[in-house]
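Written out below as structure tokens is the structure these notes cover.
Only heavy atoms go into these numbers, but all of them, side chains included; no hydrogens, no water, no symmetry mates.
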Amino acid sequence: MNIKEVSEKYELSPDTLRYYERIGVIPPITRDKNGYRDFSEKDLNWVYFAKVLRNAGVSIEGLIDYASLSREGGETLGARKAILQEHLDDAEEKIKALEEARDYLKYKLDNFDTHMVNYEKEKLLIDNELKEE
């Protein structure tokens, strides 16, 4: 798969893909006889991995560290698993915070008309009382 196809499939710009390759977030991509990148299934897995983790808020440095450990081989399995667990824990915390915010917003919207009408009536009464003083 060429870089344009990968770019469209994963909604990442070709520049981002080249950057990820250059800094080691994804492995070096093999080139065809004309020198164009030819992404393998393994490369696509790395692109997807990078995209998902970036969307989850993982830093570029964190991705580079993980990819570097991966290139070192099997002796880094424990460290890589720990990194993934840490990012999962972070994502769970973010999800919990977003769910709390969503629930509060739903509550505010569900009760908006009643609360705001009452609030505006009370505010009007107070404003009128202050004017009368």
Side-chain angles (χ1 to χ4, degrees):
M1 189 176 281
N2 67 37
I3 197 165
K4 182 177 187 265
E5 294 167 328
V6 174
S7 173
E8 290 170 358
K9 179 175 182 167
Y10 293 104
E11 298 177 339
L12 295 169
S13 73
D15 287 340
T16 297
L17 293 168
R18 288 184 201 100
Y19 174 68
Y20 282 178
E21 180 184 10
R22 186 174 67 252
I23 64 173
V25 168
I26 61 175
I29 308 300
T30 21
R31 307 292 180 119
D32 66 15
K33 63 182 179 172
N34 297 318
Y36 294 111
R37 288 172 179 81
D38 185 19
F39 288 77
S40 68
E41 194 64 35
K42 180 181 169 190
D43 299 329
L44 296 179
N45 290 337
W46 273 103
V47 170
Y48 182 71
F49 176 80
K51 177 185 175 172
V52 169
L53 267 65
R54 283 297 290 150
N55 286 342
V58 176
S59 69
I60 291 292
E61 294 78 14
L63 291 174
I64 293 169
D65 290 344
Y66 185 90
S68 176
L69 286 171
S70 181
R71 285 189 293 277
E72 290 178 27
E75 64 274 3
T76 66
L77 287 172
R80 286 184 276 160
K81 184 176 181 180
I83 289 170
L84 294 177
Q85 185 63 56
E86 180 182 336
H87 292 307
L88 176 61
D89 294 345
D90 290 346
E92 293 288 353
E93 286 179 26
K94 289 175 186 174
I95 289 168
K96 184 179 176 185
L98 285 170
E99 286 175 341
E100 183 179 341
R102 181 205 57 211
D103 292 346
Y104 183 68
L105 288 167
K106 280 183 175 181
Y107 166 80
K108 292 295 280 183
L109 285 168
D110 289 345
N111 297 288
F112 188 84
D113 292 331
T114 306
H115 282 131
M116 291 311 294
V117 167
N118 290 336
Y119 172 77
E120 291 299 326
K121 283 180 185 176
E122 288 175 22
K123 184 179 172 206
L124 184 61
L125 287 173
I126 292 171
D127 289 347
N128 286 339
E129 287 174 6
L130 290 174
K131 286 180 186 176
E132 290 174 4
E133 290 179 3

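For the pair Arg54 and Ile60, the minimum side-chain heavy-atom distance is below 4.5 Å. Between Ile64 and Ile23 there is a side-chain heavy-atom pair separated by less than 4.5 Å. With contacts defined as side-chain heavy-atom distances shorter than 4.5 Å, the pair Trp46/Val25 does not qualify. Taking 4.5 Å as the limit, some side-chain heavy atom of Val47 sits within range of a side-chain heavy atom of Phe39. Within the 4.5 Å cutoff, side-chain heavy atoms of Leu44 are placed close to those of Met1. For the pair Leu17 and Ser7, the minimum side-chain heavy-atom distance is below 4.5 Å. Side-chain atoms of Tyr36 and Asn2, non-hydrogen and from C-beta on, never get closer than 4.5 Å to each other. You'll find the side chain of Glu122 stays beyond 4.5 Å of the side chain of Tyr119, heavy atoms only.
Between Leu69 and Ala79, the shortest heavy-atom distance links the atoms CD1-CB, 4.0 Å.
Linking Ile, Leu, Val, Met, Phe, Trp and Tyr residues whenever their side-chain heavy atoms come within less than 4.5 Å places Leu63 and Val52 in a single cluster. Residues Tyr48 and Leu84 share a single hydrophobic cluster, defined by chaining ILVMFWY side chains whose heavy atoms lie under 4.5 Å apart. Cluster annotation: Tyr19 and Ile26 are assigned to the same hydrophobic cluster (Ile/Leu/Val/Met/Phe/Trp/Tyr, side-chain heavy-atom contacts under 4.5 Å, transitive).
The line from CD1 of Ile95 to CD of Glu92 is 5.0 Å long, rounded to the nearest 0.5 Å. Residue His87 holds its NE2 atom at 7.0 Å from CG of Asp90, rounded to the nearest 0.5 Å. Taking CD of Glu21 as the start and OG1 of Thr16 as the end, the distance is 13.0 Å to the nearest 0.5 Å. Expressed to the nearest 0.5 Å, how far NZ of Lys94 lies from CG of Asp89 amounts to 12.0 Å. Note that the NZ atom of Lys33 and the CG atom of Asp38 stand 12.0 Å from one another [nearest 0.5 Å]. Residue Leu88 holds its CG atom at 10.5 Å from CD of Glu93, rounded to the nearest 0.5 Å.
In this structure, Glu100 places its CD atom where only 12 or fewer heavy-atom neighbours from other residues, nucleotides or ligands lie under 6.0 Å away. Atom CD of Glu120 sits in a crowded spot, with more than 12 heavy atoms from other residues, nucleotides or ligands closer than 6.0 Å.
Asp32 places a side-chain N or O within 3.5 Å of a backbone atom of Asn34 that can act as its donor or acceptor partner. At distances below 3.5 Å, not a single donor-acceptor pair connects side-chain atoms of Lys51 with backbone N or O atoms of Leu12. No donor-acceptor pair under 3.5 Å is formed between the side chain of Asn111 and the backbone N or O of His115.
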Inset, instruction - Could you walk me through whether Ser40 and Asp43 pass side-chain hydrogen bond (donor to acceptor under 3.5 Å, both in side chains), step by step? - result: CA-CA 5 Å; Ser40 68; Asp43 299 329; 3.1 Å; yes
Legend entry - CA sep, side-chain torsions, deciding dist, call: Ile83, Glu86, side-chain contact (heavy atoms from CB on, under 4.5 Å): CA-CA 5 Å; Ile83 289 170; Glu86 180 182 336; 5.5 Å; no
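A salt bridge links Glu8 to Lys4: one of the charged nitrogens lies within less than 4.0 Å of a carboxylate oxygen. A salt bridge links Asp15 to Arg18: one of the charged nitrogens lies within less than 4.0 Å of a carboxylate oxygen.
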